[in-house]
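One structure below.
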Number of protein chains: 2
Amino acid sequence: MKKTGRLVIPRKTIYRLSIYLRCLARLKENGIGTVSSEALAKAAGVKPTQLRKDLAYFGTFGTRGLGYDVTELSKKIAEELGTSSLQPVILVGVGNLGLALLSYRGFEKEGFEIIAAFDAEPRRQRDKKIKQPVIGMEQLPEFIREHNVKMAILSVPAAVAQTVANSLVESGIMGILNFAPIVLTVPEDVMVNNVNLAIELENLSYFIQG
Amino acid sequence: MKKTGRLVIPRKTIYRLSIYLRCLARLKENGIGTVSSEALAKAAGVKPTQLRKDLAYFGTFGTRGLGYDVTELSKKIAEELGTSSLQPVILVGVGNLGLALLSYRGFEKEGFEIIAAFDAEPRRQRDKKIKQPVIGMEQLPEFIREHNVKMAILSVPAAVAQTVANSLVESGIMGILNFAPIVLTVPEDVMVNNVNLAIELENLSYFIQG
DNA sequence: AATTTCTTGTGAAATTTTTCACGAACGCTT
DNA sequence: AAGCGTTCGTGAAAAATTTCACAAGAAATT
């Protein structure tokens, strides 16, 4: 019926799959075993048809007249996202924001672990709460290769962000979560996700004043 | 040619306008007075036509054959975004992430100031580096009304996020930058921007294993 | 002042994304 | 086991967004 011809899944759909996964986790915690596309969509803040379309990109998991098995659907989405295995991540730039991200526990329970942090001045590590080692930048390439790290969080000042990014890419990093407020130029096969909190605020402020 | 009919500007365009604004600021710092759509688009990571289309939503600012005046275009975009005036913001939930955001200086120079933080247990304010007062949640509604605050950063645990959001909205908050990993339900005229770092990482990890 | 060169602004086309509409499949009830 | 009520899966339609193509306007040049 459905040829499984590895269709390219849009980026937006992937993003929503992550959201569905979190909603499903909450449902599971509450002991709910089955959920309709309508209920799950509502929890995720989307329309039911969009949810179904999103799932249709990589399979059919529901039971008509009943809905989706929460556990099974979770498993399938996690599988598709490749979230099943824990991914090591490094953080570069231990300034205010970097330090903040290091002390943030939120990543761990979501399958990511920041295994080390790097900074041009590793000594300025004052905060005792963080458990990760802060290492000098000169050891960055070696560390990445040795530990086969593929993802990095970049929280260095804008002025050096591109230079550091180049170094990351050269050492084998394939995905960068970029907090520096500039657009990074990287090879096509390297993925960059930008997070700019000031822009998010600016965005809000625009829409609330109409 | 001249249709000043207050066209609705798409959300994506608004987001990009913020990016253009930052690129322009950098150009200005470097003493560049004029820029073509091609150059600015490249700096912003978009296509030239998209840049021009984005600008066309609210006016025509360029000179054909020459490009855009950096200072003038900055001013026009800032005006359109309403970024000209400084916006007071409060932060709710001084946990790991909240504390991190408080100590992050990045907002100030972008026109936003976190004027106060709120937490159920305001006492646990250990960090001396933050300058904002940490106030008990019971004073939240009064503070919002008194200071006429319209925007809030929400960094409380998921379990209480909706409850807190309700309280914020009731007190007059119109825009929420939500870090809690749930989808908030709010009235239509209230704007929510979600930031979920775990999802961003998950997203990266998907595309790099292709 | 005419010509060339450049770059904008924009209607139209192309593409992407979302929504609709409805047939098909399943559980439940009788 | 037949009928009823639900809810999924999906092709088609609609809407939104991006890209194209090129005329038009302005500066630079001869």
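Below, chains carry the letters A, B, ... as their sequence lines are ordered, and counting in each starts from 1. Nothing here was measured: the structure is a model prediction, and the numbers come from that model.
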Whole-Å distance, Ile9(B) CD1 to dT17(D) C1', equals 15 Å
Under 4.0 Å between a side-chain N/O of Arg64(A) and OP1 or OP2 of dT10(D), yes or no? no
So, is Arg52(A) near the phosphate of dG9(D), with a side-chain N or O under 4.0 Å from OP1 or OP2? no
Short side-chain N/O contact to dT8(C) OP1/OP2 from Ser37(B), under 4.0 Å: yes
Distance, rounded to the nearest Å, where Leu51(B) contributes CG and dT19(D) contributes P: 12 Å
Rounded to whole angstroms, how far apart are CG on Asp54(A) and P on dT10(D)? 14 Å
Measure the distance from NZ on Lys12(B) to P on dT16(C) and round it to the nearest whole Å. 12 Å
Please determine whether side chain to side chain contact (heavy atoms under 4.5 Å, CB included) holds for the pair Leu81(B) and Ser18(B), giving the CA-CA distance in whole Å, both sets of side-chain angles, and the decisive distance to 0.1 Å. CA-CA 8 Å; Leu81(B) 291 177; Ser18(B) 281; 3.8 Å; yes
Toward the 5' end of DNA chain C, which comes first, Arg16(A) or Gly65(A), by nearest nucleotide? Arg16(A)
Could you tell me how far apart Tyr57(B) (OH) and dT8(C) (P) are, to the nearest whole angstrom? 18 Å
Whole-Å gap separating P (dG9(D)) and CZ (Phe58(A)): 11 Å
Side-chain N or O of Lys47(B) closer than 4.0 Å to phosphate OP1/OP2 of dT19(D): yes
Report yes if a side-chain nitrogen or oxygen of Tyr68(B) is closer than 4.0 Å to either non-bridging phosphate oxygen (OP1 or OP2) of dG9(C); otherwise report no. yes
Can you name the nearest heavy-atom pair linking Ala180(A) to Val156(A), along with the distance? CB-O, 3.7 Å
Atom CG of Leu66(A) and atom C1' of dC28(C): how far apart are they, to the nearest Å? 11 Å
Counting the atoms with a prime plus P, OP1 and OP2 as sugar-phosphate, which does Arg11(B) contact under 4.0 Å by heavy atoms, base, sugar-phosphate, or nothing? nothing
For atom CD of Glu108(B), decide whether the heavy atoms of other residues, nucleotides or ligands shown that lie under 6.0 angstrom number more than 12. yes
Has the side chain of Gln87(B) got a donor or acceptor atom that lies under 3.5 Å from a matching backbone atom of Gly111(B)? no
Would you classify Pro48(B) as touching base, sugar-phosphate or nothing, given that sugar-phosphate means primed atoms plus P, OP1 and OP2, and contacts are heavy atoms under 4.0 Å? nothing
What does Thr49(A) touch in the nucleic acid at a heavy-atom separation under 4.0 angstrom: a base, only the sugar-phosphate, or nothing? base
With sugar-phosphate meaning primed atoms plus P, OP1 and OP2, does Lys53(B) contact a base, only sugar-phosphate, or nothing at under 4.0 Å between heavy atoms? base
When the distance from NZ of Lys76(B) to C1' of dG9(C) is rounded to whole Å, what number comes out? 17 Å
Criterion side chain to side chain donor-acceptor pair (under 3.5 Å) on Tyr15(B) and Glu202(A), from CA distance to verdict: CA-CA 8 Å; Tyr15(B) 198 90; Glu202(A) 201 164 285; over 6 Å; no
